[in-house]
There are 2 protein chains.
Amino acid sequence: MSSKEKILGTAIVLFAQKGYSGLSMRQLAQAVDLSVAAIYHHFPDKNALYLEAVRFAFSDKEQVFAQVWESGCSAEEKLGGFIRSLIDVMLQDRDFHRLMQREIQEADPERMQLLAQGVFNRQFCFLLQLVTELAPEQDAHLVATSVIGLAKYYIECQPLLKNFPGWKSEHERPEVIAAHITNLVINSLKVKTA
Amino acid sequence: MSSKEKILGTAIVLFAQKGYSGLSMRQLAQAVDLSVAAIYHHFPDKNALYLEAVRFAFSDKEQVFAQVWESGCSAEEKLGGFIRSLIDVMLQDRDFHRLMQREIQEADPERMQLLAQGVFNRQFCFLLQLVTELAPEQDAHLVATSVIGLAKYYIECQPLLKNFPGWKSEHERPEVIAAHITNLVINSLKVKTA
DNA sequence: ATACACCTACTGAACGTTTGTTAGGTACAT
DNA sequence: ATGTACCTAACAAACGTTCAGTAGGTGTAT
């Protein structure tokens, strides 16, 4: 692995942990066992490094969902598979997820467009298509958004949710969360809406 | 309004905007038109100021929902009213909402407990009760969580969602979001689950 | 083969600025 | 006179950034 890749990989983890202004170039340099100036040899400044790290983290998430769409399952099963994959990706790559969260929080319009078009567009379109197939009379965008929102919330709010009454340990198992969301959405789609 | 309250009120807004390490004591001092030392007269250090600001922001959200629970509506209508209030609160007090998000992101277990018990407990219990009433055979915690998660996601991801295909401008109107979520959940509850 | 030029990857030390924090003092209440 | 609220000015430390320099590899002319 090249130094540049090592810097980017480490930067993802540390930016996700500490945020942009929370991570100093010296801390990053120490973490990759290089001098500060060596980082400046590879990147013009801190901001460019951050942006490249975000892009770097985005670059390998496409193929996880491909097998869901390409499977010969029914539309309902595909929806279940997608939800399960979504949760798995978020749970496995928590650094990526946290970086995402920070990006969304900052809500820079330009970067939001980059994110939507450059990263998630394919998956969202597939999901949109699936929802339309399952319930043509519903607002597909709203439903698709709900699917993603539900999955996202369960992952990121788990530390908080644990402290509410009614919580069970099975609620942190991905298959339980996925099954609940899938049920919720599919049941809702079965009922004709005004 | 006392200086201390002015400091806390401004700190909430600025911490929400820039994060803990993103806001310097000098910036805060300038924003409240005081010297840095004056802030240190009221608070021992930056961390204590932050914690007190978070508590300060938490202190006035209880009564918004009271009228929903105390209304003589049906359970279904109450759920709709709760969801609508939830969205309104989040939209109106975006600083509070962003501070919350940052807290959740940091996920300090101790603070999560403080949040759950000291701030949201009453509302969550009411919601739990409502869900149990509407669908006794379902996992009330999971359903209640879904309600909150859906509302939260729509608010915080709107800048991203705008860039996906199928988005309509009506999707940012609180009554549309509330109606969609209410429909989704109520429809789902009507169907008996395995 | 060898000297020279040139490249990339990197270092150590320093630049000026900003950071959190504090000491000492003033103005004005009680 | 005692305390509260605030100031200016300074502290050391950490910050992003730059600069001169070096070690090692590669290609080229002699």
Side-chain angles (χ1 to χ4, degrees), chain A residues 1-57 59 95 98-99 102-103 105-108 110-111 114, chain B residues 1-57 59 95 98-99 101-103 105-108 110-111:
Chain A
M1 185 168 43
S2 75
S3 282
K4 188 165 180 175
E5 279 170 336
K6 199 162 76 175
I7 294 170
L8 286 173
T10 311
I12 289 166
V13 178
L14 295 182
F15 274 131
Q17 261 170 37
K18 303 151 162 275
Y20 182 83
S21 51
L23 174 66
S24 76
M25 299 299 265
R26 282 171 176 83
Q27 282 168 14
L28 177 58
Q30 197 177 351
V32 293
D33 208 33
L34 283 175
S35 73
V36 186
I39 298 179
Y40 278 90
H41 171 71
H42 291 285
F43 307 92
D45 55 27
K46 191 186 182 183
N47 202 51
L49 164 67
Y50 177 72
L51 279 164
E52 197 156 331
V54 174
R55 272 193 291 270
F56 184 73
S59 62
D95 295 319
R98 280 204 282 206
L99 244 190
R102 281 196 193 275
E103 278 292 309
Q105 203 165 355
E106 243 151 277
D108 179 81
E110 212 175 301
R111 272 169 176 171
L114 197 108
Chain B
M1 185 169 40
S2 73
S3 281
K4 188 165 179 176
E5 278 170 337
K6 198 162 77 177
I7 293 170
L8 286 174
T10 311
I12 289 166
V13 178
L14 295 182
F15 274 132
Q17 260 169 39
K18 302 151 162 274
Y20 183 83
S21 51
L23 174 66
S24 75
M25 299 298 266
R26 282 171 176 82
Q27 284 167 13
L28 176 58
Q30 196 178 351
V32 293
D33 208 33
L34 284 175
S35 74
V36 186
I39 298 179
Y40 277 92
H41 172 71
H42 292 285
F43 306 94
D45 56 28
K46 190 186 184 183
N47 201 52
L49 164 67
Y50 177 73
L51 278 165
E52 199 156 330
V54 174
R55 272 194 290 269
F56 184 73
S59 62
D95 295 319
R98 281 205 280 207
L99 243 190
Q101 239 182 296
R102 282 197 193 273
E103 278 293 309
Q105 203 165 356
E106 244 152 274
D108 179 81
E110 212 175 300
R111 273 177 182 163

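Naming: A, B, ... by sequence-line order, numbering from 1 per chain.
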>> Is the terminal nitrogen or CZ of B:K4 (NZ for Lys, CZ for Arg) located under 6.0 angstrom from the six-membered ring centre of B:F43 and within 45° of that ring's axis?
In response: yes
>> Counting only heavy atoms and a strict 4.0 angstrom limit, can you tell me which residues of residues 24-36 of chain B come near DNA chain D?
In response: B:R26, B:L34, B:S35
>> As a test of reading the structure: which of D:dT8, D:dT18, D:dC6 is closest to the side chain of B:S3, going by heavy atoms?
In response: D:dC6
>> Nearest heavy atom decides the nucleotide; on that basis, is A:D45 or B:H41 closer to the 5' end of DNA chain D?
In response: B:H41
>> Judged by each residue's nearest nucleotide on DNA chain D, which is more toward the 5′ side, A:A37 or B:K4?
In response: B:K4
> Do B:S3 and B:L34 have side-chain heavy atoms sitting under 4.5 Å apart?
Replying inline: yes
> With a 4.5 Å heavy-atom cut-off, do B:I7 and B:H42 have their side chains touching?
Replying inline: yes
> Does any N or O in the side chain of B:K18 come within less than 3.5 Å of the main-chain N or O of A:S21, such that one atom is a donor and the other an acceptor?
Replying inline: no
> Checking A:K6 side chain against A:D33 main chain: does a donor-acceptor pair fall under 3.5 Å?
Replying inline: no
>> Between P on D:dG16 and CG on A:L23, what's the gap in Å once rounded to a whole number?
In response: 8 Å
>> From OH of B:Y40 over to C1' of D:dA10, roughly how many Å is that when rounded to an integer?
In response: 14 Å
> According to the interplanar angle, ranging from 0 to 90°, do the rings of A:Y50 and A:Y20 count as parallel (below 30°), tilted (30 to 60°) or perpendicular (above 60°)?
Replying inline: perpendicular
Which atom of [X] lies closest to which atom of [Y], heavy atoms considered:
X: A:K46; Y: A:F15; result: CE-CE2, 4.3 Å
X: B:A11; Y: B:L49; result: CB-CD1, 4.5 Å
X: B:S59; Y: B:F56; result: OG-O, 2.7 Å
X: B:M25; Y: B:V36; result: CB-CG1, 4.1 Å

>> For chain B and DNA chain C, what are the first and last nucleotides along the strand, 5' to 3', with at least one atom under 4.0 angstrom from a heavy atom of the protein chain?
In response: C:dT19 to C:dA23
> Passes salt bridge (Lys or Arg N to Asp or Glu O under 4.0 Å), B:R98 versus B:E103? Steps please.
Replying inline: CA-CA 9 Å; B:R98 281 205 280 207; B:E103 278 293 309; over 6 Å; no
> List DNA chain C stems (3 or more consecutive Watson-Crick/G-U pairs, under 3.5 Å)?
Replying inline: C:1-30 with D:1-30
> More 5' along DNA chain C: B:P44 or A:I39, using each one's nearest nucleotide?
Replying inline: A:I39
